[in-house]
Asker: 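Below you will find the structure I want to go over with you.
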Amino acid sequence: MNTTHTILITGGSGFIASRLAQRYQQSGLTVLAPNRKSLDISDSDAIRQYFELHQPTLVFHLAGMSSTEGCEQNQLLAKKINVDATTEIAKACKAHQAKMVFFSTEQVFNGNSEAGPYTESSTPIPNTYYGTTKLMAETEVLKHCPTAWILRLTWVYGLPTKEFPKVNPNILWDSIVAGKEETLISASKNEYRGLTEVGELMSHLDHIETIPYGIYHFGSENNVSRYEITEYILRELNFDADNLLREKRAGIRDLRLSNEKIKGEGLSFRDSKTAISASIKAYQQQ
Ligand SMILES: NC(=O)C1=CN([C@@H]2O[C@H](COP(=O)(O)OP(=O)(O)OC[C@H]3O[C@@H](n4cnc5c(N)ncnc54)[C@H](OP(=O)(O)O)[C@@H]3O)[C@@H](O)[C@H]2O)C=CC1
Ligand SMILES: Cc1cn([C@H]2C[C@H](O)[C@@H](COP(=O)(O)OP(=O)(O)O[C@H]3O[C@@H](C)C(=O)[C@@H](O)[C@H]3O)O2)c(=O)[nH]c1=O
């Protein structure tokens, strides 16, 4: 990472943003990571003033409404936060010659009927409002900011640490909790998507400036179902998978992303099982 940057990370208290801010602060970089109170991105004047005052040179735009259900229930707000605010940030980046990293999602493919893994050339067909807003935002970023990377993430997870004891719900942590508490966990044999460990995501973000601007599928590949992954996690932890795991009947949901394009730029993600085993080991050793 170029040490002369003034880095802005929006949504500073978020799961990924708070970890990224700490990572860069510890590396001695100049980092601004305003939470919603310090920079409410639904206020376009506030965005413009923030850029005027702080002159960021590299912006990781992570703030957003990230709950699929929340977006479905409050579509006006979802559009305001995920699309309109992203558009303002893209315009501000252009006005201040800042580079922008925008975080999109594999859910832009939630309505595609053909099987994954999808490439960056596949036409996305979102069928959730969350996915729709993210795809609209991608278009706005491409339109307004020529110096932008659009990264489609896939199911990012992390485990609690001393510094970050709270994690968003995720398949690994949810399985650990279910195993410890001996509660049943259900998972579909028809759901396929990559799982990306947050530390690996961040270490790849360090190299973002080495790759050309554009859209990238930025996450782990995974060719086994959510059921198989859950079973794998429970067995890795020596929990009783036969009794704890139930099959959830659900239609096919294939959100797998191909990461060939990013691999071509020298950044490769571990497959999901390998990363999960490493996370479990690190968690047990802390
Ligand atoms: N985690 C994942 O698996 C994936 C994440 N992404 C995207 O990556 C980004 C970060 O995800 P993640 O860290 O998991 O999500 P989080 O929900 O943890 O973080 C999003 C942050 O955005 C903040 N925010 C919401 N509205 C506003 C606002 N009006 N002004 C300022 N901040 C606001 C939230 O603040 P508050 O805490 O106050 O609510 C929250 O801290 C999101 O854009 C998400 O869509 C994409 C694909 C996968
Ligand atoms: C939308 C949807 C959800 N579900 C189920 C799966 C899961 O148990 C639950 C919630 O799934 P979701 O995919 O909506 O949400 P979630 O599992 O929390 O994951 C998402 O996190 C955010 C931040 C992202 O950006 C996404 O990329 C995605 O990884 O609903 C389906 O079975 N089919 C569907 O079409």
Side-chain angles (χ1 to χ4, degrees), residues 8-21 33-44 46-47 50 60-74 77-86 88-89 101-112 124-135 137-138 141 150-158 164 166-174 185-198 201-202 205 217-220 222 225-227 229-230 248-257 272:
L8 168 61
I9 302 175
T10 63
S13 58
F15 169 66
I16 301 171
S18 55
R19 286 160 181 77
L20 191 64
N35 61 15
R36 187 201 293 256
K37 247 182 166 177
S38 311
L39 175 61
D40 181 343
I41 62 162
S42 66
D43 180 346
S44 48
I47 292 174
Y50 200 93
F60 292 90
H61 177 38
L62 281 155
M65 264 177 83
S66 62
S67 151
T68 309
E69 209 188 325
C71 291
E72 222 59 57
Q73 282 168 1
N74 195 341
L77 186 63
K79 166 133 186 325
K80 193 168 183 172
I81 303 296
N82 287 354
V83 188
D84 302 345
T86 301
E88 283 304 327
I89 289 167
V101 187
F102 172 59
F103 293 84
S104 186
T105 171
E106 92 277 56
Q107 282 217 30
V108 296
F109 295 107
N110 211 53
N112 286 59
I125 308 176
N127 66 355
T128 62
Y129 199 66
Y130 170 64
T132 302
T133 58
K134 286 289 185 176
L135 186 59
E138 289 186 6
V141 171
I150 292 172
L151 308 181
R152 292 182 181 145
L153 307 185
T154 177
W155 225 11
V156 184
Y157 68 89
F164 295 104
K166 222 181 126 242
V167 293
N168 285 3
N170 67 69
I171 185 172
L172 178 53
W173 180 236
D174 295 349
I185 185 160
S186 63
S188 165
K189 288 186 176 170
N190 281 332
E191 185 176 359
Y192 291 84
R193 68 215 289 210
L195 281 129
T196 310
E197 196 267 319
V198 66
L201 167 69
M202 294 193 297
L205 290 176
H217 291 176
F218 210 76
S220 172
N222 176 39
S225 70
R226 183 177 184 136
Y227 182 95
I229 279 287
T230 309
K248 179 180 167 184
R249 299 275 167 195
I252 289 175
R253 187 184 194 209
D254 188 348
L255 297 180
R256 286 172 300 152
L257 301 179
S272 298

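Counting from 1, the numbers follow the sequence of the chain as shown. Note that ligands are numbered from 1 as they come in the structure, with each ligand's atoms numbered from 1 the same way. These numbers were taken from a predicted model, which means no experiment stands behind them.
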Asker: Record the part of R193 in heavy-atom contact with ligand 2 below 4.0 Å; permitted values are side chain, backbone, both and neither.
Answerer: side chain

Asker: For atom 3 (O) of ligand 1, which protein heavy atom lies nearest, and how many Å away is it?
Answerer: V156 N, 2.7 Å

Asker: Give the numbers and elements of all ligand 2 atoms closer than 4.0 Å to a heavy atom of T128.
Answerer: 1 (C)

Asker: Can a non-hydrogen atom of K134 be found less than 4.0 Å from any atom of ligand 2?
Answerer: no

Asker: For T154, is at least one N or O under 3.5 Å away from an N or O on ligand 2?
Answerer: no

Asker: Give yes if a backbone or side-chain nitrogen or oxygen of Y130 is under 3.5 Å from a nitrogen or oxygen of ligand 2, and no if not.
Answerer: yes

Asker: May I ask you to check whether T154 and T196 show a side-chain donor-acceptor distance below 3.5 Å?
Answerer: no

Asker: Going by the order shown, which atoms of ligand 1 are within less than 4.0 Å of some heavy atom of S13?
Answerer: 37 (O), 41 (O)

Asker: Would you check the N or O atoms of Q107, main chain and side chain alike, for any that come under 3.5 Å of an N or O of ligand 2?
Answerer: yes

Asker: Looking only at protein heavy atoms, which one is nearest to atom 6 (N) of ligand 1, and what is the separation?
Answerer: Y130 OH, 3.8 Å

Asker: In terms of residue, atom name and distance, what is the protein heavy atom nearest to atom 19 (O) of ligand 1?
Answerer: G14 CA, 3.4 Å

Asker: Considering only the protein, which heavy-atom contact is closest to atom 32 (N) of ligand 1, and what is its distance?
Answerer: A63 CB, 3.7 Å

Asker: Students should be able to answer this: which protein heavy-atom is nearest to atom 35 (O) of ligand 1, and at what distance?
Answerer: R36 NH2, 3.8 Å

